[in-house]
Amino acid sequence: MRSSLAFGKGRPPFFPDDGAIGPALAKLALIGDDIAMKTLVPGRSAALRLGVATLIAGLAWPLGSVTSRAAPSTPPPDPTQLSLAVTGHADHAPDQMLATLTVESQSPSPAKAQADVNRRMAALLAGARAVKGLRATTGSYSVEPTDQKRTMWRAEQTATLTFDAAPDTAAAAPVRKLIGTFQHDGVLLDSIGAGLSEAALRQTRSAAITDAVGQMRAEARAAATALGATVGPVTHMQIATQSPIRPMMMMATRAAPSGPQVQAGPISEKISLSATITLSNR
């Protein structure tokens with residue numbers, strides 16, 4: 001009697017899934033032994049057992065391929081994060097004049113001291129209005145005794161003058177002359193200096209930021225070249241504005257009708273920039 005096992009394409013019908021392959025093969029081996037015993041043909045039972053064993057081995061081979069997995073690949077290294085801190089700066093010629101003055105008066109009577117301050121401050125404001133383009137604003141006002149017995153009182157008030165021209169230019173000459181007149185009348189000149197208008201300040205700040213970004217890019221390229229990497233995106237950036245550096249002014253130490261002597265220089269704007277840049281491996 002010839003016994004044969006035939007399978008179509010795919011998995012044999014008695015193998016329901018991968019988890020059942022092992023038990024099914026064991027069951028097939030028992031069936032083979034039973035068939036060999038029932039044939040009772042000398043010499044053929046051993047051959048049949050060998051054929052069943054070969055069939056089982058062939059069916060077991062895909063089982064190993066089903067359960068095996070490919071070894072995980074090594075992940076690429078993380079990109080380098082480069083932190084930089086630079087300072088950008090830009091200069092701009094001043095286009096504004098600023099002066100602070102104080103009107104002061106002393107008297108045994110606080111009322112008389114205040115009256116004198118009020119009169120002289122009114123004269124100061126009137127003189128400022130006579131100069132085209134000059135803006136005057138009043139500041140703090142105070143009255144206090146000069147000694148513990150209150151035998152003398154001092155009253156004072158401050159004023160700020162703003163003019164849209166550098167203090168050492170010809171356009172500001174009338175303002176300098178007016179300040180000299182105030183000094184001659186006993187008004188104290190607390191400070192005088194150069195400044196930037198809002199438009200000039202924004203322009204200078206933008207130029208300082210451009211300078212800082214240029215430095216950052218140059219340093220990032222240098223670091224990337226040294227490491228054999230390429231410059232990637234900027235992941236973090238912070239900008240902080242420093243106070244503008246104003247030039248020192250020369251000021252007359254004595255009151256003079258011609259006004260204080262001043263000489264302006266460029267105003268420097270500084271920007272502090274910090275950033276984190278990704279360097280990609282080549």
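Keep in mind that the numbers below use all heavy atoms, side chains included, and drop hydrogens, waters and symmetry copies. Just so you know, residue 1 is the first one in the sequence shown, and it goes up from there.
The shortest distance between side-chain heavy atoms of Ser272 and Ile239 does not fall below 4.5 Å. The shortest distance between side-chain heavy atoms of Val86 and Glu219 falls below 4.5 Å. Counting only heavy atoms from C-beta outward, the side chains of Leu124 and Val103 approach each other to under 4.5 Å. Residues Leu84 and Ile277 are in side-chain contact: their nearest non-hydrogen atoms beyond the backbone lie under 4.5 Å apart. Counting only heavy atoms from C-beta outward, the side chains of Val117 and Glu104 never approach each other to under 4.5 Å. Residues Ile179 and Arg176 fail the side-chain proximity criterion, which asks for heavy atoms closer than 4.5 Å. Residues Glu269 and Thr241 meet the side-chain proximity criterion, which asks for heavy atoms closer than 4.5 Å. The side-chain heavy atoms of Thr204 and Asp91, taken from C-beta on, include no pair separated by under 4.5 Å.
The shortest non-hydrogen separation linking Gln215 to Gly88 is NE2-CA, 3.8 Å. Residues Ile192 and Pro260 approach most closely at CD1-CG, 4.0 Å, considering heavy atoms. Minimum heavy-atom separation, Pro266 to Pro94: CA-CD, 4.2 Å. When all heavy atoms are compared, the tightest approach of Ser107 to Ala113 is CB-N, 3.8 Å. Looking at every heavy atom in both residues, Ser197 comes nearest to Gln96 through CA-NE2, 4.1 Å.
By the rule that hydrophobic residues join a cluster once side-chain heavy atoms approach within less than 4.5 Å of another member, Ile209 and Val234 end up as members of one cluster. Tracing side-chain contacts under 4.5 Å through hydrophobic residues (I, L, V, M, F, W, Y), one never reaches Met152 starting from Leu188; they form parts of separate clusters. Under the 4.5 Å side-chain contact rule for hydrophobic residues, Phe163 and Phe182 share a cluster.
One finds the OG1 atom of Thr162 at 8.0 Å from the CG atom of Leu134 (value rounded to the nearest 0.5 Å). If you take CG on Leu125 and CZ on Arg129, they are separated by 6.0 Å, rounding to the nearest 0.5 Å. Going from atom CG of Leu196 over to atom CZ of Arg205 covers 10.0 Å, rounded to the nearest 0.5 Å.
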Give the intermediate values and the outcome of side chain to side chain contact (heavy atoms under 4.5 Å, CB included) for residues Ser274 and Gln238.
CA-CA 5 Å; Ser274 59; Gln238 184 174 356; 3.5 Å; yes

Apply side chain to side chain contact (heavy atoms under 4.5 Å, CB included) to Val131 and Leu161, showing your working.
CA-CA 11 Å; Val131 178; Leu161 304 180; over 6 Å; no

Please lay out, stage by stage, how Asp211 and His89 fare under the test side chain to side chain contact (heavy atoms under 4.5 Å, CB included).
CA-CA 7 Å; Asp211 179 61; His89 73 277; 4.0 Å; yes

Would you check, one step at a time, whether the test side chain to side chain contact (heavy atoms under 4.5 Å, CB included) holds for Leu273 with Met216?
CA-CA 8 Å; Leu273 184 149; Met216 177 198 69; 3.8 Å; yes

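At a cut-off of 3.5 Å, with distance as the only test, no side-chain donor of Thr100 or Asp190 sits close to an acceptor on the other residue. For the residue pair Asn118 and Gln114, no side-chain donor N or O sits within less than 3.5 Å of a side-chain acceptor on the partner.
No donor-acceptor pair closer than 3.5 Å links the side chain of Asp95 to the backbone N or O of Ala165. A donor-acceptor contact shorter than 3.5 Å links the side chain of Thr210 to the backbone of Ser206. Looking at Thr278, its side chain never comes within 3.5 Å of a backbone N or O of Gly232 through a donor-acceptor pair. Of the possible donor and acceptor atoms, none in the side chain of Thr151 sits under 3.5 Å from a partner among the backbone N and O of Asp147.
Ion pairing between Asp116 and Lys112 fails under the 4.0 Å rule for side-chain N and carboxylate O.
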Pair up each side-chain donor or acceptor in residues 222-231 with any protein partner under 3.5 Å, not counting sequence neighbours, and list the distances.
unit_1 : atom_1 : unit_2 : atom_2 : d
Thr225 : OG1    : Arg221 : O      : 2.9
Thr230 : OG1    : Ser280 : O      : 3.4

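More than 12 heavy atoms of other residues, nucleotides or ligands lie within 6.0 Å of CZ in Arg120, so this atom counts as buried by the packing criterion. Arg135 CZ: more than 12 foreign heavy atoms inside a 6.0 Å radius.
Within the structure, the side-chain hydrogen bond (donor to acceptor under 3.5 Å, both in side chains) test picks out the following pairs touching residues 152-161 (sequence neighbours left out): Glu144-Arg154.
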